[in-house]
Amino acid sequence: MTLKKLDAQEQADALTTLKEWSLVDGREAIKRTLVFKDFNAAFGFMTRVALYADKADHHPEWFNVYNRVEITLATHDVQGLSVRDVNLAKFIDEIYKQ
Ligand SMILES: C[C@H](O)[C@H](O)[C@H]1CNC2=NC(N)=NC(=O)C2=N1
């Protein structure tokens, strides 16, 4: 499958859907910070994301301190955003709600 970088319109549409995500300054990437009850909940979430990421061969950049997880999504292969970032962001939003 050839990965395509989202064009400006597709990127704008994606950001309209992904209301909790914002563009990273100076880089074609999106970010979101999530807060959990405690480290156990945060790491449980990270485990679920890790399983998705490995299956999808699309991995987050993330930083965790105790109950906080900061996530950045970008597609290194296209040096920007692709549909894989949108799908991963949607998956993250979905399991965070549960
Ligand atoms: C070889 C491997 O398929 C690639 O390097 C994959 C792995 N995971 C990836 N993750 C992300 N976020 N971007 C990529 O371009 C990417 N590429």
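Every number for a ligand or one of its atoms is a count from 1 in the order of the listing. Please read all numbers here as calculations on a predicted model, not as lab measurements.
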Inset, instruction - Can you label the angle between the Phe91 ring and the Tyr52 ring as parallel, tilted or perpendicular, going by 30° and 60°? - result: parallel
Need the list: ligand 1 N/O atoms against protein N/O atoms, distance under 3.5 Å, rounded to one decimal.
| from | atom 1 | to | atom 2 | distance (Å) |
| --- | --- | --- | --- | --- |
| ligand 1 | 3 (O) | Asp57 | OD1 | 3.4 |
| ligand 1 | 3 (O) | Asp57 | OD2 | 2.3 |
| ligand 1 | 8 (N) | Asp57 | O | 3.3 |
| ligand 1 | 8 (N) | His59 | ND1 | 2.8 |
| ligand 1 | 10 (N) | His59 | N | 3.0 |
| ligand 1 | 12 (N) | His59 | O | 2.9 |
| ligand 1 | 12 (N) | Ala74 | O | 2.8 |
| ligand 1 | 13 (N) | His76 | N | 3.3 |
| ligand 1 | 13 (N) | His76 | ND1 | 3.3 |
| ligand 1 | 15 (O) | His76 | N | 3.0 |
| ligand 1 | 15 (O) | Asp77 | N | 2.9 |
| ligand 1 | 15 (O) | Asp77 | OD1 | 3.1 |
| ligand 1 | 15 (O) | Asp77 | OD2 | 3.4 |
| ligand 1 | 17 (N) | Asp77 | OD2 | 3.3 |

Inset, instruction - Provide the full list of salt bridge (Lys or Arg N to Asp or Glu O under 4.0 Å) pairs with a residue in residues 89-98, sequence neighbours left out, each pair given once. - result: Arg32-Asp93, Glu94-Lys97
Inset, instruction - Mark yes or no for whether Asn67, through its side chain, and Phe36, through its backbone, hold a donor-acceptor pair below 3.5 Å. - result: yes
Legend entry - Residue pair Ala29 / Thr72: nearest heavy atoms and the distance that separates them: CB-CG2, 3.9 Å
Legend entry - Candidate list Thr75, Leu88, Asn87, Leu73, test side chain to side chain contact (heavy atoms under 4.5 Å, CB included), partner Ser82, passing option: Thr75
Legend entry - Polar contact flag, side-chain donor to acceptor under 3.5 angstrom, Asp13-Gln9: yes
